[in-house]
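The structure under discussion appears below in the form of structure tokens.
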Amino acid sequence: MGDSFRALLVNKDDEGYHSSVENWSMDQLMEGDVLVRVAHSTVNYKDGLAVTGKGPIIRQFPMIPGIDLAGTVEESGNPDISVGSKVILNGFGVGERHHGGFAQYARLKGEWLVPLPGSLTTLQAMAIGTAGYTAMLCVMALEHNGVTPDQGPVLVTGANGGVGSVAVALLSHLGYQVTASTGRVQESDYLKSLGATDILDRMELSEPGRPLGKERWAAAVDSVGSHTLANVLAQTSYGGAVAACGLAQGMDLPASVAPFILRGITLAGIDSVMAPRAKRLVAWERLARELDLSKLEAISKVIGLEDVPEAAESILAGKVRGRLVVDVNA
Ligand code: NDP
């Protein structure tokens with residue numbers, strides 16, 4: 001193990017945020033009982049906000065962003081984690097206040113790590129990433145609220161995005177009829193190849209709507225928020241459930257209580273960052289089993305560390321289809 005490694009650093013000065021790939025040394029990493037040699041990371045929406053500074057994600061500078069990583073344990077002071085084992089990290093403030101995945105090495109707390117399921121490579125795990133793991137948390141929340149495939153279609157908003165693409169593939173594999181809402185209807189063939197049965201233009205959901213509308217879907221996975229989530233709730237069938245995890249349209253929720261008090265709709269909030277370990281283990285074990293890996297390949301593209309700043313701009317502009325994997329050693 002050499003002492004020097006490559007990392008994407010984000011700095012902030014009076015002119016704004018700056019990012020560049022630099023050589024760093026092990027003693028510049030933060031505290032942790034496990035040292036991981038990173039193989040792959042990924043660019044999530046949140047990483048886009050962190051790298052560009054368009055959202056206050058980074059809490060101290062300089063920072064190595066990257067909320068996800070997968071790699072091999074090189075040193076461990078944690079009795080539950082052995083040297084040579086392969087691990088995944090999602091969230092826990094990594095890439096925000098603790099140096100993250102856009103580097104060849106990361107020093108982390110062992111309790112944050114989950115074992116890489118045996119059937120997945122580090123590349124596949126990062127093609128899933130926080131976006132895919134969150135999609136699984138959404139599916140689990142719908143199931144927890146009694147949603148089953150026989151009740152009718154499930155709507156997925158932001159369907160061409162990371163959470164959306166994986167949610168479409170997962171739900172279709174589990175036997176659900178999936179309606180995919182997107183602003184990129186020209187990508188309908190892609191969404192159908194993932195398992196979507198119907199495509200909806202997101203314009204139908206993104207403007208202010210009525211408190212209640214025609215009942216159109218039994219449940220929904222929403223990564224968009226704002227008017228979209230309000231309209232999704234207003235058009236969910238009696239007794240249905242909506243898993244809300246994102247804010248791609250906005251942080252606001254201009255809705256009424258009508259869907260809750262007149263149709264008994266459940267709104268389930270999803271947080272991946274601090275989700276308990278037991279839930280993470282179930283989510284990853286299920287992702288390894290229930291996600292069609294050929295579909296995963298179709299939704300992902302591999303880039304290098306140098307490409308991350310441009311990818312960060314693209315994901316915020318809604319131009320990334322599916323998932324971007326970062327090969328930190330490329
Ligand atoms: P992506 O950028 O990959 O996907 C977001 C998608 O939302 C876009 O591809 C686009 O889909 C749609 N979209 C973008 N802008 C708008 C808009 N103005 N109005 C309506 N739809 C829009 O991001 P991710 O999938 O990585 O993340 C999605 C959201 O989920 C983000 O807000 C992210 O912060 C959040 N998230 C939350 C987590 C949690 O723990 N709660 C974990 C992971 C993500 P299309 O082109 O198909 O319309």
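Atoms within each ligand, like the ligands themselves, are counted from 1 in listed order. One is the number of the first residue; the rest follow in order along the sequence.
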For ligand 1, note which part of [X] has a heavy atom under 4.0 Å away: side chain, backbone, both or neither.
X: Arg202; result: side chain
X: Ile270; result: backbone
X: Asn160; result: both
X: Val163; result: both

Would you call the rings of Tyr133 and Trp284 parallel, tilted or perpendicular if under 30° counts as parallel and over 60° as perpendicular?
->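 Plane angle under 30°, so parallel.
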Indicate the ring-plane relationship of Phe5 and Tyr105, choosing parallel, tilted or perpendicular according to the 30° and 60° boundaries.
->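 Ring orientation of Phe5 relative to Tyr105: perpendicular.
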Does the side chain of [X] pick up a donor-acceptor pair with the side chain of [Y] at under 3.5 Å?
X: Thr130; Y: Asp68; answer: yes
X: Asp292; Y: Ser294; answer: yes
X: Thr42; Y: Arg323; answer: yes

Please state which protein non-hydrogen atom is closest to [atom] and give its distance, to 0.1 Å?
atom: atom 30 (O) of ligand 1; value: Gly246 CA, 3.4 Å
atom: atom 42 (C) of ligand 1; value: Thr134 OG1, 3.1 Å
atom: atom 32 (O) of ligand 1; value: Leu247 N, 2.9 Å
atom: atom 29 (C) of ligand 1; value: Ser223 O, 3.4 Å
atom: atom 37 (C) of ligand 1; value: Cys245 O, 2.8 Å
atom: atom 15 (N) of ligand 1; value: Ala248 O, 3.6 Å
atom: atom 9 (O) of ligand 1; value: Arg184 NH2, 2.9 Å
atom: atom 26 (O) of ligand 1; value: Tyr45 N, 3.3 Å

Given Glu75, which of Ile81, Leu35, Val83 fulfils the side-chain contact (heavy atoms from CB on, under 4.5 Å) condition?
->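 Checked Ile81, Leu35, Val83 against Glu75; only one passes side-chain contact (heavy atoms from CB on, under 4.5 Å): Leu35.
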Out of Ile88, Asp80, Asn90, Val34, which one pairs with Leu113 under the side-chain contact (heavy atoms from CB on, under 4.5 Å) rule?
->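 Between Leu113 and the candidates, side-chain contact (heavy atoms from CB on, under 4.5 Å) is satisfied uniquely by Val34.
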Would Glu310 and Lys319 pass as an ion pair if we require N to O under 4.0 Å?
->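 The answer is no: the pair does not qualify as a salt bridge.
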Within less than 4.0 angstrom of ligand 1, does Ala159 place any heavy atom?
->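 Per 4.0 Å heavy-atom rule, Ala159 contacts ligand 1.
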Please confirm whether Ala131 comes within less than 3.5 Å of ligand 1 when only nitrogen or oxygen atoms on both sides are compared.
->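 No, since none of the N or O atoms of Ala131 sits under 3.5 Å from an N or O of ligand 1.
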Give yes if a backbone or side-chain nitrogen or oxygen of Gly164 is under 3.5 Å from a nitrogen or oxygen of ligand 1, and no if not.
->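 Such a contact does not occur with ligand 1.
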Give the atom numbers and elements of ligand 1 that come within less than 4.0 Å of a heavy atom of [X].
X: Ser272; result: 39 (C), 40 (O), 42 (C)
X: Thr130; result: 42 (C), 43 (C)
X: Gly162; result: 1 (P), 3 (O), 4 (O), 25 (O)
X: Val224; result: 20 (C), 21 (N)
X: Thr182; result: 45 (P), 46 (O), 47 (O), 48 (O)

Considering Ile315, Asp201, Asp47, Leu324, which one's heavy-atom position lies nearest to atom 2 (O) of ligand 1?
->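 The residue whose heavy atom sits nearest atom 2 (O) of ligand 1 is Ile315.
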Identify the heavy atoms of [X] and [Y] that sit nearest to each other, and give their distance.
X: Pro115; Y: Leu281; result: CD-CD2, 3.8 Å
X: Ala159; Y: Ala180; result: CB-CB, 3.6 Å
X: Asp327; Y: Ala39; result: OD1-O, 3.8 Å

Glu96 and side chain to side chain donor-acceptor pair (under 3.5 Å): which partner among Lys46, Gln60, Arg59?
->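 The residue from Lys46, Gln60, Arg59 that satisfies side chain to side chain donor-acceptor pair (under 3.5 Å) with Glu96 turns out to be Lys46.
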Same cluster or not: are Met274 and Leu69 linked, directly or through other Ile, Leu, Val, Met, Phe, Trp or Tyr residues, by side-chain heavy atoms under 4.5 angstrom apart?
->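 Same cluster: Met274 reaches Leu69 through Ile, Leu, Val, Met, Phe, Trp or Tyr contacts under 4.5 Å.
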